[in-house]
Amino acid sequence: MNCLVLLLVLTGASSASKLPWYSQLWQAEQSVLGFQENPYHEFSKEIKEVAVIGAGPAGLQHVVELREAGLNVRLFERKEHPGGNWHYQEEVALPEPHPQPLASRAAFIPDLGPNPDSESVQHKLYQDGEDNLSLEDRLREHAVPSSVWNNLHANSVSGITHFLASPLPLNTPWELSQWSIRRLVRAYASNHELNSNDAEVSNITSYNTRVERVVKIGDKWRIRLRKLELLPRTRQIEVTWWTETFDAVVIAAARSNAPFVPNIPGLEQWASRYPAQVLHSRQYRRPEKYSNQTVLIVGASISGSEIARDLFPLAGRIITSVKDHSSTERSIFKKLAAHRIPEGVINLGEIASFSDLKPGDSISEGTVQLKNGTVLTGIDSVILATGYVTSWPFISQFHNDTIHGTDDPDTEVAPIVNGDGKLRSIYLGTFYIPDPTLVVSAVRVWNVGPFSALAVAKVWSGKARLPNSRRMWEEHRGLIRAAGGPDSAQLVGIGFGAPITEFLFRKFVAWLNSEALIFGGKQTDTYPREWREQWVNFAKVHWGPEFPISLEDFNEAEDTGEAALGKRRFLDEVVAALENY
Ligand SMILES: Cc1cc2nc3c(=O)[nH]c(=O)nc-3n(C[C@H](O)[C@H](O)[C@H](O)COP(=O)(O)OP(=O)(O)OC[C@H]3O[C@@H](n4cnc5c(N)ncnc54)[C@H](O)[C@@H]3O)c2cc1C
């Protein structure tokens with residue numbers, strides 16, 4: 001480093017610029033040394049105004065860190081309250097569309113209002129029943145009730161299922177109910193004045209507000225917003241549309257946010273004829289409705305096996321249909337989920353078709369043909385526990401529905417979501433590589449989430465440097481290769497107690513703390529080891545002795561670098577299972 005240049009910059013002798021001081025330093029150095037690649041990303045302007053989409057645990061953590069770093073934050077949440085997936089409601093989502101829509105449209109169809117490009121605020125009143133939608137259905141379409149059911153208990157131990165900054169009391173049970181997690185997320189929001197009661201006072205939060213479109217024009221992100229308000233006195237809904245602009249955006253709108261429905265012949269007809277009896281697992285709430293019924297659960301991975309457990313004491317007969325039932329290639333979590341299915345549940349093979357229903361047929365008169373030739377009849381309800389895809393219609397320009405797996409797109413835009421509804425192009429499960437003023441929360445929210453949120457706050461406030469995009473791509477692709485090849489393209493950042501999580505902890509801590517030595521600001525420490533150990537002990541009981549991560553893995557992870565991750569075949573399986581969450 002040229003000391004003269006350093007001195008000039010630090011004393012403010014460079015031209016007055018809004019860029020962080022280290023960017024000015026780099027530019028000044030270039031004028032003395034001539035061209036050379038800047039190893040760090042250069043933001044075109046200082047970041048001050050930021051938007052966070054989603055008030056689940058991820059979005060809340062981001063807001064807290066960004067505010068602490070001195071940035072002006074707006075938080076947009078389509079539901080009435082914070083909590084995200086953990087905001088349990090008795091209401092259920094509207095029936096899912098059949099057949100499966102493209103990923104870019106699977107979550108919802110954006111409604112930009114009567115004049116999307118107008119700067120002025122627009123309003124419209126809706127009557128009950130308008131467009132064949134009741135007021136309640138219009139609210140459900142807008143806010144989408146979450147997917148947890150009344151008796152759901154987390155399959156992750158409490159040590160890795162709470163906010164790092166708010167440790168749980170020592171006597172907290174290892175197994176948390178969804179009600180406890182709901183309380184802890186709401187309490188976190190309240191502690192930081194982000195709850196819906198604190199709402200508009202601070203001008204930070206905007207609840208009941210769905211983000212409809214996010215586009216970058218010049219160096220500003222323009223966000224189109226739509227807010228719904230129920231007017232109980234006149235039995236109307238008032239919809240308001242407006243636009244706000246930001247320097248940077250965090251998408252914390254959940255990865256598994258749109259249901260996946262399989263393309264099985266006849267299923268569409270069954271679903272449209274019997275919407276109350278053929279539903280996706282996100283609409284499951286309580287077992288009472290299924291008393292003495294014969295229930296067919298399609299897919300017996302994490303949700304399917306847990307719903308089978310919940311139904312078991314009340315249902316008359318439970319049948320699970322699992323793809324490739326006999327295959328030894330089934331993912332480890334699917335095998336582990338089998339350990340959760342109560343004895344007495346009948347496990348059968350893959351479905352070939354649902355029969356053609358004649359007018360007047362009840363659902364139990366229909367037949368279900370399995371690929372192995374078995375024919376089922378007398379089914380009262382079908383629950384599609386077939387998982388979720390990522391669908392963010394508000395950034396349709398970053399969806400590419402035509403590419404699958406790791407296909408290369410034939411467009412210049414690096415996609416964020418591919419045609420399978422899987423994420424790509426995200427550095428450390430956080431920064432969109434071609435333009436890191438866009439952040440995607442793709443990490444496991446509770447344990448890697450805090451580090452990711454801190455990294456964003458530091459980078460955007462000029463307290464940490466991000467590698468340039470060439471280096472980010474290199475590191476990203478290297479990590480994917482190390483973690484087992486092309487199918488793991490969206491692996492980066494997920495982590496669930498596996499060695500990839502260990503890598504991410506060490507990566508974030510080493511990077512952020514060395515930057516803190518130069519630029520000051522908060523330092524951090526790796527995730528407490530005892531909570532990771534708690535997870536392994538819990539998982540061996542919860543998932544059974546076959547659970548593939550052991551205490552030794554943590555010891556090994558202490559000594560191994562990212563290349564060693566490639567040896568861990570089970571990582572792919574862990575990831576594949578988590579994708580079906
Ligand atoms: C059935 C089920 C069970 C699970 N069990 C576990 C478990 O046991 N352990 C575990 O660790 N994880 C579990 N998970 C994963 C769970 O999603 C995470 O624990 C966590 O909630 C993710 O946090 P998040 O903030 O990223 O997303 P979420 O909690 O889903 O929050 C996202 C928020 O974004 C909002 N949003 C979305 N789109 C928009 C928009 N366009 N405009 C405005 N707001 C928007 C949503 O309304 C929501 O409030 C489970 C998930 C499901 C579906």
Side-chain angles (χ1 to χ4, degrees), residues 51-63 74-89 93 107-108 110-111 142-149 152-163 175-178 180-182 184-185 188-189 196 205-214 223-228 249-259 280-285 301-304 306-307 385 387-388 390-395 429 440-449 452-453 493-497 535 538-539 542 578-581:
V52 175
I53 305 171
L60 293 169
Q61 289 184 105
H62 274 284
V63 175
R74 288 277 280 153
L75 170 64
F76 301 112
E77 168 56 54
R78 63 188 177 177
K79 291 188 211 281
E80 204 180 348
H81 300 291
N85 184 55
W86 302 102
H87 176 63
Y88 174 82
Q89 291 162 275
F108 64 91
D111 174 359
H142 178 82
V144 189
S146 61
S147 309
V148 289
W149 54 92
L152 182 143
H153 283 70
N155 54 23
S156 51
V157 74
S158 52
I160 63 161
T161 314
H162 69 276
F163 294 101
E175 191 180 55
L176 293 175
S177 71
Q178 59 86 11
S180 326
I181 304 178
R182 183 185 200 260
L184 75 90
V185 182
Y188 182 82
S196 28
T205 55
S206 184
Y207 284 96
N208 300 311
T209 305
R210 191 170 79 183
V211 170
E212 304 290 328
R213 186 175 66 183
V214 178
I223 303 196
R224 187 74 178 157
L225 300 151
R226 175 185 185 255
K227 186 168 191 152
L228 254 64
V249 178
V250 175
I251 299 175
R255 278 185 287 118
S256 300
N257 65 327
H280 189 269
S281 59
R282 69 174 179 157
Q283 291 165 300
Y284 176 75
R285 289 292 181 271
S301 189
I302 302 179
S303 294
E306 295 303 322
I307 290 175
Y388 296 87
T390 303
S391 171
W392 292 324
F394 50 86
I395 50 157
V440 167
S441 172
V443 295
R444 182 166 186 276
V445 61
W446 308 106
N447 49 0
V448 187
S452 165
I494 290 178
F496 202 67
W535 160 234
F538 171 88
H542 183 89
L578 287 167
E579 281 158 12
N580 292 329
Y581 231 23

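Read the numbers this way: they start at 1 and go in the same order the structure lists the ligands and their atoms. Remember, it's a predicted structure, so these values are computed and weren't measured experimentally. Computation of the quantities below employed the complete heavy-atom set of this structure, encompassing side-chain atoms and omitting hydrogens, waters and symmetry-equivalent molecules.
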Run the numbers for me: atoms of ligand 1, each under 4.0 Å from some heavy atom of Ala252, listed by number. 32 (C), 33 (C), 34 (O)

Does the Arg444 side chain pair with the main chain of Ile160, one donor and one acceptor, at a distance under 3.5 Å? yes

Closer than 3.5 angstrom, by distance alone: can the side chain of Ser391 be matched with the main-chain N or O of Ala107 as a donor-acceptor pair? yes

Taking atom 3 (C) of ligand 1 as the point of reference, which of Val443, Val185, Ile223, Leu152 owns the nearest heavy atom? Leu152

Within the distance-only criterion (no hydrogens, no angle test), does the side chain of Glu212 pair as donor or acceptor with the backbone N or O of Asp111 below 3.5 angstrom? yes

With heavy atoms only and a cut-off of under 4.0 Å, state how Trp446 meets ligand 1: side chain, backbone, both or neither. side chain

Donor-acceptor pair, side chain of Ser180 and main chain of Gln178, under 3.5 angstrom: no

Under the 3.5 angstrom rule, does the side chain of Glu77 hit a backbone N or O of Tyr207 as a donor-acceptor pair? no

Ligand 1 N/O within reach of Val211 N/O, cut-off under 3.5 Å: yes

Taking Arg255 for the side chain and Ala252 for the main chain, is one N or O donor matched with an acceptor at less than 3.5 Å? no

With a cutoff of 4.0 Å, is Leu60 in contact with ligand 1, counting heavy atoms of the residue only? no

At a 4.0 Å threshold, what atoms of ligand 1 neighbour a non-hydrogen atom of Phe394? 41 (N)

So, the side chain of His81 versus the backbone of Ser196: is there a donor-acceptor pair under 3.5 Å, distance only? no

Is there a polar contact, in the sense of an N or O pair closer than 3.5 Å, between Asn155 and ligand 1? yes

Would Arg444 count as a contact residue for ligand 1, given that I'm defining contact as a non-hydrogen atom of the residue lying under 4.0 Å from a ligand atom? yes

With heavy atoms of Ala154 as the reference, note each atom of ligand 1 found under 4.0 Å away. 8 (O)

Rounded to the nearest 0.5 Å, what separation is found between the CG atom of Leu184 and the CZ atom of Phe163? 6.0 Å

Please report whether ligand 1 has a polar contact with Trp86, defined as an N or O pair separated by less than 3.5 Å (distance criterion only). yes

Would Asn257 count as a contact residue for ligand 1, given that I'm defining contact as a non-hydrogen atom of the residue lying under 4.0 Å from a ligand atom? no

Show the atoms of ligand 1 that are less than 4.0 angstrom away from any heavy atom in Lys79. 47 (O), 49 (O)

Mark yes or no for whether Ser303, through its side chain, and Ala385, through its backbone, hold a donor-acceptor pair below 3.5 Å. no

Short list, please: which atoms of ligand 1 are under 4.0 Å from a heavy atom of Phe76? 43 (C), 44 (N)

Arg78 versus ligand 1: do any nitrogen or oxygen atoms come within less than 3.5 Å of each other? yes

Heteroatom proximity flag, Glu77 to ligand 1, N/O under 3.5 Å: yes

Pro57 vs Tyr188 side-chain heavy atoms within contact, under 4.5 Å: no

Any Pro57 heavy atom less than 4.0 Å from ligand 1: yes

Please check this pair: side chain of His542 against backbone of Phe538, looking for a donor-acceptor N/O pair closer than 3.5 Å. no

Counting heavy atoms only, name the option from Pro145, Ala143, Gly84 that's nearest to atom 31 (O) of ligand 1. Gly84

Mind checking whether Asn85 has an N or O less than 3.5 Å away from an N or O of ligand 1? yes

Examine the proximity of ligand 1 to Ser146 and report which part, side chain or backbone, both or neither, has a heavy atom under 4.0 Å away. neither

Check: Thr209 side chain, Phe76 main-chain N or O, donor-acceptor pair, under 3.5 Å: no

Please report whether ligand 1 has a polar contact with Ser156, defined as an N or O pair separated by less than 3.5 Å (distance criterion only). yes

Would you say ligand 1 has an N or O under 3.5 Å from any N or O of Ala58? yes

State the atoms of ligand 1, each with its element, that fall below the 4.0 Å cut-off from a heavy-atom position in Gly54. 33 (C), 34 (O), 35 (C)

Are Ser146 and Lys79 close enough that some pair of their side-chain heavy atoms sits under 4.5 Å apart? yes

